Number of protein chains: 2
Amino acid sequence: MSLRYSILGLLARTPSTGYELTQMFDRSLRTSWHASHSQIYPELAKLEHAGLVEVIGRGPRRSKTYGLTNPGREELRRWLVEAEPDRAQRNESSVRLFLTNLLDPTDRRTAYERDLSHVEKELEELKGVRRQLQDEGGAEVFAPQVELGIRVDTVIRDWLRERIEDAAP
Amino acid sequence: MSLRYSILGLLARTPSTGYELTQMFDRSLRTSWHASHSQIYPELAKLEHAGLVEVIGRGPRRSKTYGLTNPGREELRRWLVEAEPDRAQRNESSVRLFLTNLLDPTDRRTAYERDLSHVEKELEELKGVRRQLQDEGGAEVFAPQVELGIRVDTVIRDWLRERIEDAAP
DNA sequence: CGCATCATGTAAGCTGTTACATGATTAT
DNA sequence: ATAATCATGTAACAGCTTACATGATGCG
């Protein structure tokens, strides 16, 4: 159900086209929920059918801008506050971090180094976003979420550095 | 593919029955990858067919203990070291953490407090596991992973506390 | 003997991925 | 013109969930 509510959540902030939602999933939500356009367009159609979103404008190239309806806003609120969260996770990176310890020291080091450079890159990106938000000076709703991403990535980065040092001669 | 490799990873440590694997997914891997028995049994059958695991013993109640074959061990290594990681995430808790900021202050507080008590519980559990490992004194392979879980949960806990304080009068 | 738990499986339906397909608009 | 990117969709297949189904063993 997260796809559905992620879409409602993004539309709660700004009315958007399916194409724009696809980009937002790639940018803001990529560390929470991944979705591609082939899933987003059909889901938007279902949500419209259910009366939770509606087309509030049409632009060039047959683009349709969707916005939340009041029932949509209420349904999002209900899910966030009242629905029992599904804590089940499915995170390949985390599986890898878990299993990498089974490798021999050389392979382990290779794997951890690859992960480290990825996390370092992601950290830089997030810090870039934070800087941008600070420069804009506005009260961006998702600023704390960016901060959380930075802190989590920092913890992972430091842990990876320790693992690599432990493996050193 | 993570299910497949998670199973290979667990079997690399200890030969196990499908039932035992189901429990391990629930305990050790629950923060990385969730899987239920209805997925695990068919996957074991596929892995056996592919020659990556084999039945190395039979116990009471028709139980079958599976172990890794050499090709299985090699395939696990290949995946961990050579395969390009899929970084896409799909984590409902994270979606909730992200979208909760859209709620009005009262609802937001409710949602964050529910999350906080969940994380605090999970943290206590992980610290219990760490204590156990220390008491055993052995060199448990997954001790660093437990440590990482504790650090990540600590960061999330502190972030949630800040969010709740920010919302306070 | 009855209940809990161990233990394994299957099937229908939903969710997600990859690939295919098409057309509109803008920039060079 | 033509290439890039904007923009929306569909279809086949793989992965996952929920529910159904069955039987064995150990304990009180």
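In this text, all values refer to a predicted model and were calculated from it rather than measured experimentally. The sequence lines fix the lettering, A, B, ..., with proteins before strands; numbering per chain opens at 1.
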Row check, W79(A) ring normal vs R96(B) NZ/CZ: under 6.0 Å, within 45°: yes
query: Taking OP1 and OP2 of dA7(C), is either one under 4.0 Å from a side-chain nitrogen or oxygen of R58(B)?
result: no
- request: State, to 0.1 Å, how close A35(A) and L3(A) come at their nearest heavy-atom pair, and which atoms those are.
  value: CB-CD1, 3.7 Å
field: Length of the line joining D86(B):CG and dG15(D):P, which is rounded to integer Å
entry: 12 Å
message: Taking R157(A) first and then E162(A), would you say they form a salt bridge - that is, a charged N and a carboxylate O separated by under 4.0 Å?
response: no
task: Select from A88(B) and P42(B) the residue whose nearest nucleotide in DNA chain C is closer to the 5' end of that strand.
output: P42(B)
- request: Write down the distance between CD (E92(A)) and P (dT17(C)), rounded to a whole number of angstrom.
  value: 12 Å
query: Whole Å only: how far is the CD atom of E43(A) from the P atom of dT8(D)?
result: 16 Å
task: Nearest whole angstrom, please: distance from the C1' of dC16(D) to the CE of M1(A).
output: 13 Å
query: Do NZ/NE/NH1/NH2 and the carboxylate oxygens of E120(A) and R161(A) come within less than 4.0 Å?
result: yes
- request: List the protein contact pattern of nucleotides 20-28 of chain D with one symbol per nucleotide (5' to 3'): B for base contact, S for sugar-phosphate-only contact, - for none; contact means a heavy-atom distance under 4.0 Å.
  value: ---SBSS--
query: Taking the side chain of W33(B) as heavy atoms from C-beta outward, which of dG9(D), dC16(D), dG16(C) is closest to it?
result: dC16(D)
task: Quickly work out the L47(B) CG to dG15(D) P distance and round it to whole Å.
output: 11 Å
task: Output, in order, the C-alpha distance, side-chain angles, deciding distance and verdict of side-chain contact (heavy atoms from CB on, under 4.5 Å) for Y112(B) and N101(B).
output: CA-CA 9 Å; Y112(B) 280 144; N101(B) 248 25; 3.0 Å; yes
task: Would you kindly confirm whether V55(A) and L52(A) end up in one hydrophobic cluster when ILVMFWY residues are joined by side chain heavy atoms under 4.5 Å apart?
output: yes
message: Can you tell me if Q39(B) touches the phosphate of dG15(D), counting only side-chain N or O atoms and a distance under 4.0 Å to OP1 or OP2?
response: no
- line: From CZ of R4(A) across to P of dT15(C) the rounded distance in Å is 8 Å
message: Given the ring of W159(A), does R163(A) sit roughly above its face, with NZ or CZ under 6.0 Å from the centre of the six-membered ring and within 45° of the axis?
response: yes
field: Euclidean distance, atom CZ of residue R90(A) to atom P of dG16(C) [Å, nearest integer]
entry: 10 Å
query: Does a donor on one side chain and an acceptor on the other come within less than 3.5 Å for Y5(A) and E75(A)?
result: yes
query: For the side chain of E54(B) and the backbone of E48(B), is there at least one donor-acceptor N/O pair under 3.5 Å apart?
result: no
message: Please evaluate residues L99(B) and L102(B) with respect to the criterion side-chain contact (heavy atoms from CB on, under 4.5 Å), reporting the C-alpha separation (whole Å), side-chain torsions for both, the decisive distance (0.1 Å), and the verdict.
response: CA-CA 6 Å; L99(B) 297 180; L102(B) 296 165; 3.9 Å; yes
field: Short side-chain N/O contact to dG9(C) OP1/OP2 from K64(B), under 4.0 Å
entry: yes
- request: Using whole Å, report how far CD1 of I40(B) lies from P of dC16(D).
  value: 11 Å
- prompt: Which of residues 18-26 of chain B have a heavy atom under 4.0 Å from DNA chain C?
  reply: G18(B), Y19(B)
task: Spell out yes or no: do the side chain of T17(A) and the base of dT8(D) have one donor N/O and one acceptor N/O closer than 3.5 Å?
output: no
- request: May I ask you to verify if any side-chain N or O of K46(A) is less than 4.0 angstrom from the OP1 or OP2 atom of dC14(C)?
  value: no
query: Would you say the side chain of S36(A) and the base of dT18(C) hold a donor-acceptor pair, judged only by whether the two atoms sit under 3.5 Å apart?
result: no
